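A, B, ... follow the sequence lines: proteins, then strands. Residue 1 opens every chain. Here the structure is a predicted model, which means the values were calculated and not measured.
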Number of protein chains: 2
Amino acid sequence: MVRGTICRLLVRDVRFPTSLGGHGSDAMHTDPDYSAAYVVLETDAEDGLKGYGLTFTLGKGTEVVVCAVNALAHHVLNKDLRDIVGDFRGFYRQLTSDGQLRWIGPEKGVVHLATAALLNAVWDLWAKQEGKPLWKLLVDMDPRELLSCIDFRYITDVLTEEEAYEILQKGQVGKKEREGQMLMHGYPAYTTSCAWLGYSDDTLKQLCTEALKDGWTRFKVKVGADLQDDIRRCRLIRNMIGPEKTLMMDANQRWDVPEAVEWMSKLAEFKPLWIEEPTSPDDILGHAAISEALVPLGIGIATGEQCHNRVIFKQLLQAKALQFLQIDSCRLGSVNENLSVLLMAKKFEIPVCPHAGGVGLCELVQHLIMFDFISISASLENRMLVIQQK
Amino acid sequence: MVRGTICRLLVRDVRFPTSLGGHGSDAMHTDPDYSAAYVVLETDAEDGLKGYGLTFTLGKGTEVVVCAVNALAHHVLNKDLRDIVGDFRGFYRQLTSDGQLRWIGPEKGVVHLATAALLNAVWDLWAKQEGKPLWKLLVDMDPRELLSCIDFRYITDVLTEEEAYEILQKGQVGKKEREGQMLMHGYPAYTTSCAWLGYSDDTLKQLCTEALKDGWTRFKVKVGADLQDDIRRCRLIRNMIGPEKTLMMDANQRWDVPEAVEWMSKLAEFKPLWIEEPTSPDDILGHAAISEALVPLGIGIATGEQCHNRVIFKQLLQAKALQFLQIDSCRLGSVNENLSVLLMAKKFEIPVCPHAGGVGLCELVQHLIMFDFISISASLENRMLVIQQK
């Protein structure tokens, strides 16, 4: 079914002035302008189908990612789509291990965000040519074909290809029923739109009231800038939603390790399910220490939106450093790398709750998490995706 | 002494076609064109002094780093140099924690390489205005002033500012003598120019003969592409240099964790002092596992040239994952971040052997390692810098 040679690559710098209203603001990103480096791939096939992909950015710097997409373009242009998806692992490796470009990564930061935008567009094109949404393309793929999209470099000490195959084989059992369940009921979700750090208490109350009216049962609040503010805001929300509903907290990397433990001990009374990004996304051992201190208080650790590749996730799992794993459809190297992380999470039995929001992230990651439920995790326990309204 | 407002920032994309001769080739970077994003800062002071800084690159992608330098330029332009160096920690934080730009890092990859180039230029300008080489500027600085250049965010669980102060205070003892020793004898060095992976055995023999004639006693060989080739090349070099001289090996991230252990067990007979970059620079726990397996065979682990920030080095030290720590003057956020890593290495008593070669790295890092000896480590044991001839 796959067809055509990629003959055109367009990349656009798209920005929205979200900082004007404080939308998306947190302890570290005080004035984000939600933006994206947006890629369009065209082929010479007669179907006229195009592949659309993006990576999310916060405004400034989008032009740097656009520049990196152009630097990678020669790997994609004039390639036959059959050759790409026929050896997707090799193609992934080609993009991420370019002998000159890997120096400015490797597999991290700008060049990896650009890789994600490009590969997201390739996956979109593939799914369109198959006439399926991406999640369904993945669900219908044979385990061996799925594995052929994954680069296992640097993760074989934790997950070999054979182990991954066994996980996918087990996932075949009950797949049809779970697909039906998804189509009927959808995936559970939480809202993060009520409690951005830049919002006043009045705005917060109003949005929370609306969200309760709309039937939301899970809420996330930004913390980490000022402890007294956090206590007031968390009390306000916990009082509004009552003791039964779920509250999560998100510090967006604001703290050092000892500070994270101390601060969260003071917010424990508001019974958060998790504290998200308590410290640097690079700090595996730091997350492990925080986890060891907070899990006995009933607080799990969530992180992932700025974990830059599968090697970081591998170690977070090895070190028991998180209780909720948050993949990102644009930070990791597209579907290919996310597949490897979903499989590792399954091996360690850690629930995946994707990061989303921003520009396009909700739309992208729903495919990955539906695939995760239908073909890998087979469970909704402690799992939810995030919806950002507005 | 410091003076002037930064009124002009030039950034150039400088490339050398080193791939034509296979210079610099290794198991992962098979065709590097040694390059640099080169920054020049001018002030409105009447002295006419300029600050020169760079970050090293491998050819393609240099334009992406140049683009990132331009994205950061507004933090530097029209700033008074007195304000910058008067609160260098704050200035560092401003560059690395820009609320929009940090999303495409943070403190890693392209945006961090660009930060390094910019800050290297600021340090160069400062040293020139003081009329001293950079190492001497650092050596003459008061411990409190040195500390005021360091961002301790994310490392206080391992090194507090007070601990760092104590280390620097201890380093004051015998400083004058060590400075004299450096001026008289210089810093010990090894050569990495004999055994690039792209060189034939004949070229290797010829260059090794010349290096022995020039008095070199420490040699590094690239390994990791093909085991039989490695055995032949390592035997050839070990036979030429004899059993007493020092041999190091460098795999440039070629292996997975189990592969690294297996491969190096087969090269142990050639008595390497260290294996450099056995696996992904992000894999702290992987390096710890390799270290645990190879140290009993007499082989140390060295890494750092692609470790992207102080948080990674912190964990490598915490996890006992390396025996030789290789800072890079352009991968970390310039002198500021390197200071924090030198201090952590001292706390853990791990010798620093800087990464260099490439474009400008030898010239830059000599200042840091001389400062390390004179003011921090006070030891040359197991320490050496690298010289790339040609």
- Query: What are the two closest heavy atoms between G99(B) and L58(A), and how far apart are they?
  - Reply: O-CD1, 3.6 Å

- Heavy atoms only: give me the nearest P258(A)-D157(B) pair and the separation to one decimal.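 Nearest pair, atom of P258(A) first, then D157(B): CD-CB, 4.0 Å.
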
- Query: Between the side chains of Q253(A) and R102(B), does any donor sit under 3.5 Å from an acceptor?
  - Reply: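 Per modelled atom types, Q253(A) and R102(B) side chains form a pair under 3.5 Å.
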
Interatomic distance, [X] atom [atom1] to [Y] atom [atom2] [nearest 0.5 angstrom]:
X: H287(B); Y: Q315(A); atom1: NE2; atom2: CD; result: 9.5 Å
X: D256(A); Y: T160(B); atom1: CG; atom2: OG1; result: 11.0 Å
X: H29(B); Y: L101(A); atom1: NE2; atom2: CG; result: 10.5 Å
X: T279(B); Y: R153(A); atom1: OG1; atom2: CZ; result: 9.0 Å
X: I104(B); Y: T57(A); atom1: CD1; atom2: OG1; result: 8.0 Å

Best-contacting candidate, [options], against chain B by heavy atom pairs under 4.5 angstrom:
options: G109(A), S19(A), C67(A); value: C67(A)
options: L72(A), D98(A), T55(A), V111(A); value: D98(A)
options: Y154(A), W255(A), F152(A); value: Y154(A)
options: Q318(A), K314(A), Q306(A); value: Q306(A)

Using a 4.5 angstrom heavy-atom cutoff, name the option from [options] with the most pairs to chain A.
options: A260(B), A319(B), S35(B), P106(B); answer: P106(B)
options: D26(B), V110(B), D282(B), V257(B); answer: D282(B)
options: H74(B), H112(B), E259(B); answer: H74(B)
options: G61(B), S280(B), A71(B), G59(B); answer: S280(B)
options: T156(B), T30(B), I312(B); answer: T156(B)
options: E305(B), H308(B), E107(B); answer: H308(B)

Checking [X] against chain A: side chain, backbone, both or neither under 4.5 Å from a heavy atom?
X: R254(B); answer: both
X: A289(B); answer: neither
X: I155(B); answer: backbone
X: F56(B); answer: both
X: L285(B); answer: both

- Would you find a donor on one side and an acceptor on the other, under 3.5 Å apart, between the side chain of Q100(A) and the backbone of D31(B)? yes

Is [X] in contact with chain B via its backbone, its side chain, both, or neither, using a 4.5 Å heavy-atom distance?
X: N70(A); answer: neither
X: I284(A); answer: both
X: D33(A); answer: both

- Message: Restricting to salt bridge (charged side-chain N to carboxylate O under 4.0 Å, His left out), what partner residues turn up for E276(A), sequence neighbours left out?
- Response: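 Counting only residues at least two positions away or on another chain, E276(A) forms a salt bridge (charged side-chain N to carboxylate O under 4.0 Å, His left out) with K220(A).
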
- Task: Report the relative orientation of the aromatic rings in W103(B) and H355(A); use parallel for angles under 30°, tilted for 30 to 60°, perpendicular for over 60°.
- Result: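 W103(B) and H355(A): tilted rings.
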
